[in-house]
Amino acid sequence: MTRKPLLVLTMVFLFVFSLQVACFAESPANLPHIKILATGGTIAGSGATSSTTIGYTAAVAPVDALISNVPELKKVANVSGEQISQIASENMTNEVWLKLAKRVNQLLAQNDVDGIVITHGTDTLEETAYFLNLVVKSEKPVVLVGSMRPPTAMSADGMLNLYRATILAGSKDAIGKGVMVMLNDTIHSGRDVTKTITDRVDTFKAPEIGPLGFFTGDKPVFYRAALRKHTTATEFDVMSLSDLPRVDIVYHYANNTGTAIEAIAQAGAKGIVHAGTGNGSIGKAEYPAVEAAQKQDIVIVRSARVGNGIVARNGEANDDKYNFVAGDNLNPQKARILLMLALTKTADPKLIQEMFWKY
Ligand SMILES: NC(=O)C[C@H](N)C(=O)O
């Protein structure tokens, strides 16, 4: 065969081959299947002007609008959305938590779902993340995402957060890491993350412990993994529950005489988290209310309003004598989540203490 037809044949072959490669690279068939479950929050919010970043309305845009507002999602995953709720997350309830947890477990049990993104308000995002970290029964990635600016604002953070959370939920490196939180290019463990700044995009941090990893461009990079048990390694199962035990938090301060503890006990709480001063200290004037609550078999966890550090057993209180549970390094709102789930298993403070050292 002369050289010319061979050259033409080779060029035609290369052209067809490159088309196939291009199609394969982009074809939805080889992209991960990610479910986006929307609960509301600022990421679905709307402000009066393009500079409105406080005083906007949260929880306005439906999940399909969130997805269509980020067309790039189609390049990284096969996404579909479901609306679980449409609330500003300061209004989060046990009912939404149980509905969300059950739906997450149902979807992750399906072979055609590779991961889940949950869009959520930032106020209670850390609580939902820790709750799911303890009750999701799958190794597949679950990523909570929110934003500090509504989509109507200049330099809104929600679109890129949603895009990268979706990449993370489809990433093989994210499998088995527990429930994660991704905002501001930072990947956090649902157990350790907390909101630290009222009004800025860098609000989520894991004080003293640090993030699991970061995004560099569109690539997630992990530098550590959570050691405390989570997801499939926990004893908690909410699939048959229709409610959760009532647990309230009391804040300690100078001159506090335990009135809040009395009121919470009267309201029928099964557990109280005490946000103590310093290393989880309880004031002398609180003890009559504490002892009355314990006569009602209310389990008391000692946490600290300080937010960082470890509340150790028998440090600033005689936990053995009073049957308190030392809250380890969980802040009060996280300790409340664990105590609620612990009370679905037992009311024995000794067994609950073991759980605080495990999860
Ligand atoms: N940035 C936010 O999402 C705040 C809002 N209050 C919420 O938690 O829904």
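In this chain, numbering begins with 1 at the start of the sequence shown. Atoms within a ligand are numbered from 1 in the order they appear, just like the ligands themselves.
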N/O separation below 3.5 Å, [X] to ligand 1:
X: Ser89; answer: yes
X: Thr124; answer: no
X: Ser147; answer: yes

Of the listed options Thr42, Ile54, Val201, Asp157, closest to atom 5 (C) of ligand 1 (non-hydrogen atoms): Thr42
Proximity of Phe236 and Tyr359 rings by center, below 6.0 Å: yes
Centroid separation Phe214 to Phe222 less than 6.0 Å: no
List every atom of ligand 1 that sits less than 4.0 Å from any heavy atom of [X], numbering the atoms from 1 in the order shown and giving each element.
X: Gly121; result: 3 (O), 7 (C), 8 (O), 9 (O)
X: Gly41; result: 9 (O)
X: Ala88; result: 9 (O)
X: Glu90; result: 5 (C), 6 (N), 7 (C), 8 (O), 9 (O)

Identified side chain to side chain donor-acceptor pair (under 3.5 Å) partner of Glu286 from the options Thr257, Thr259, Asn256: Asn256
Atom NZ of Lys137 with >12 non-hydrogen neighbours under 6.0 angstrom: yes
Side chains of Pro141 and Lys177 in contact at under 4.5 Å (non-hydrogen atoms): no
Close side-chain approach of Leu212 and His188, heavy atoms under 4.5 Å: no
